[in-house]
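All remarks here apply to the structure that follows.
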Amino acid sequence: QVQLVESGGGLVQAGGSLRLSCAASGSTSSFNAMGWYRQAAGKSRELVALIRNGGRANYADAVKGRFTISRDNAENTVYLQMDNLKPEDTAVYSCNTGRVIGGLYYGSPNWGQGTQVTVSS
């Protein structure tokens with residue numbers, strides 16, 4: 001079992017920044033990557049960024065150049081630094097453990113409770 005706890009969400013004005021954290025505990029050794037997803041009201045969940053255990057990261061086009069994913073392996077924590085936020089970034093952000101196989105990310109059923117990010121215009 002893997003437990004994930006997200007934190008760091010909040011209300012921010014457009015152009016502002018937030019830093020999300022995801023602390024993982026439990027049986028994480030079988031996964032080689034972690035991802036940040038978001039789900040806006042009335043929309044499907046989408047993968048925003050992922051990072052492999054070695055540190056290589058990938059981003060959705062909508063956030064490239066504005067978001068940075070990083071990890072502290074010693075603390076089993078993944079971060080999402082979000083800069084130049086836009087109203088369309090408003091969503092519940094959740095982290096997920098998974099595996100990258102053949103360049104594709106396969107998320108596991110392990111999810112945190114999510115953290116709300118609201119960006120006002």
Side-chain angles (χ1 to χ4, degrees):
Q1 287 281 11
V2 175
Q3 293 78 44
L4 301 168
V5 179
E6 301 98 338
S7 61
L11 173 64
V12 64
Q13 288 188 330
S17 298
L18 284 173
R19 189 192 193 205
L20 306 183
S21 299
C22 171
S25 60
S27 303
T28 61
S29 60
S30 60
F31 304 106
N32 67 4
M34 290 187 70
W36 277 101
Y37 284 77
R38 67 185 181 186
Q39 186 169 20
K43 295 187 177 181
S44 301
R45 183 181 284 164
E46 62 173 343
L47 180 62
V48 173
L50 69 91
I51 187 166
R52 298 162 177 79
N53 285 356
R56 182 181 172 189
N58 293 96
Y59 300 91
D61 287 343
V63 306
K64 278 182 183 177
R66 300 188 299 119
F67 289 12
T68 303
I69 189 171
S70 60
R71 65 187 300 158
D72 182 334
N73 289 331
E75 297 294 329
N76 258 353
T77 300
V78 175
Y79 304 96
L80 187 67
Q81 176 67 39
M82 306 186 295
D83 298 318
N84 191 21
L85 283 161
K86 303 176 181 180
E88 52 263 42
D89 295 318
T90 295
V92 175
Y93 285 71
S94 302
C95 62
N96 173 257
T97 52
R99 295 185 62 82
V100 175
I101 303 173
L104 296 178
Y105 178 76
Y106 296 88
S108 72
N110 302 310
W111 294 96
Q113 82 286 355
T115 185
Q116 176 71 46
V117 171
T118 303
V119 184
S120 63
S121 57

(request) Among residues two or more places apart or on two chains, list those pairs meeting salt bridge (Lys or Arg N to Asp or Glu O under 4.0 Å) that have a residue in residues 89-116. (result) Arg38-Asp89, Arg66-Asp89
(request) Provide the full list of side-chain hydrogen bond (donor to acceptor under 3.5 Å, both in side chains) pairs with a residue in residues 103-112, sequence neighbours left out, each pair given once. (result) Asn96-Tyr105, Thr97-Ser108, Thr97-Asn110, Ser108-Asn110
(message) I need the full list of side-chain hydrogen bond (donor to acceptor under 3.5 Å, both in side chains) pairs touching residues 51-60, with sequence neighbours left out, sorted by first then second residue.
(response) Arg52-Asn58, Asn53-Arg71
(request) Mark yes or no for whether Gln113, through its side chain, and Val5, through its backbone, hold a donor-acceptor pair below 3.5 Å. (result) no
(request) Examine Leu85 and Tyr37 and state if one hydrophobic cluster contains both, with Ile, Leu, Val, Met, Phe, Trp and Tyr joined whenever side-chain heavy atoms are less than 4.5 Å apart. (result) no
(request) Examine distances only and state if a side-chain atom of Thr90 and a backbone atom of Val119 form a donor-acceptor pair shorter than 3.5 Å. (result) yes
(message) How close do Lys64 and Asp61 get, counting heavy atoms only, and between which atoms?
(response) NZ-OD1, 3.2 Å
(message) Treating Glu6 as the side-chain partner and Leu20 as the backbone partner, does any N or O pair qualify as donor plus acceptor under 3.5 Å?
(response) no
(request) Identify whether Leu50 and Phe67 are in the same connected component of the hydrophobic contact network (ILVMFWY, side-chain heavy atoms under 4.5 Å). (result) no
(message) Is there a path of hydrophobic side-chain contacts, each under 4.5 Å between heavy atoms of I/L/V/M/F/W/Y residues, joining Ile51 to Trp36?
(response) yes
Exercise answer: donor-acceptor pairs, residues 21-32 side-chain atoms, under 3.5 Å, sequence neighbours excluded:
residue: Ser25; atom: OG; partner: Gln3; partner atom: OE1; Å: 3.4
residue: Asn32; atom: OD1; partner: Val100; partner atom: N; Å: 2.7
residue: Asn32; atom: ND2; partner: Val100; partner atom: O; Å: 3.3

(message) Would you compute the distance between atom OG1 of Thr68 and atom OH of Tyr79 and round it to the nearest 0.5 angstrom?
(response) 14.5 Å
(request) Report the distance from atom OG of Ser94 to atom CD of Gln39, rounding to the nearest 0.5 Å. (result) 8.0 Å
(request) List for me each residue that meets salt bridge (Lys or Arg N to Asp or Glu O under 4.0 Å) alongside Lys43, sequence neighbours excluded, and say none if there are none. (result) none
If you look only at distance, which donor and acceptor atoms sit under 3.5 Å apart when one is on a side chain in residues 11-19 and the other is two or more places apart or in another chain?
residue: Ser17; atom: OG; partner: Asp83; partner atom: OD1; Å: 2.8

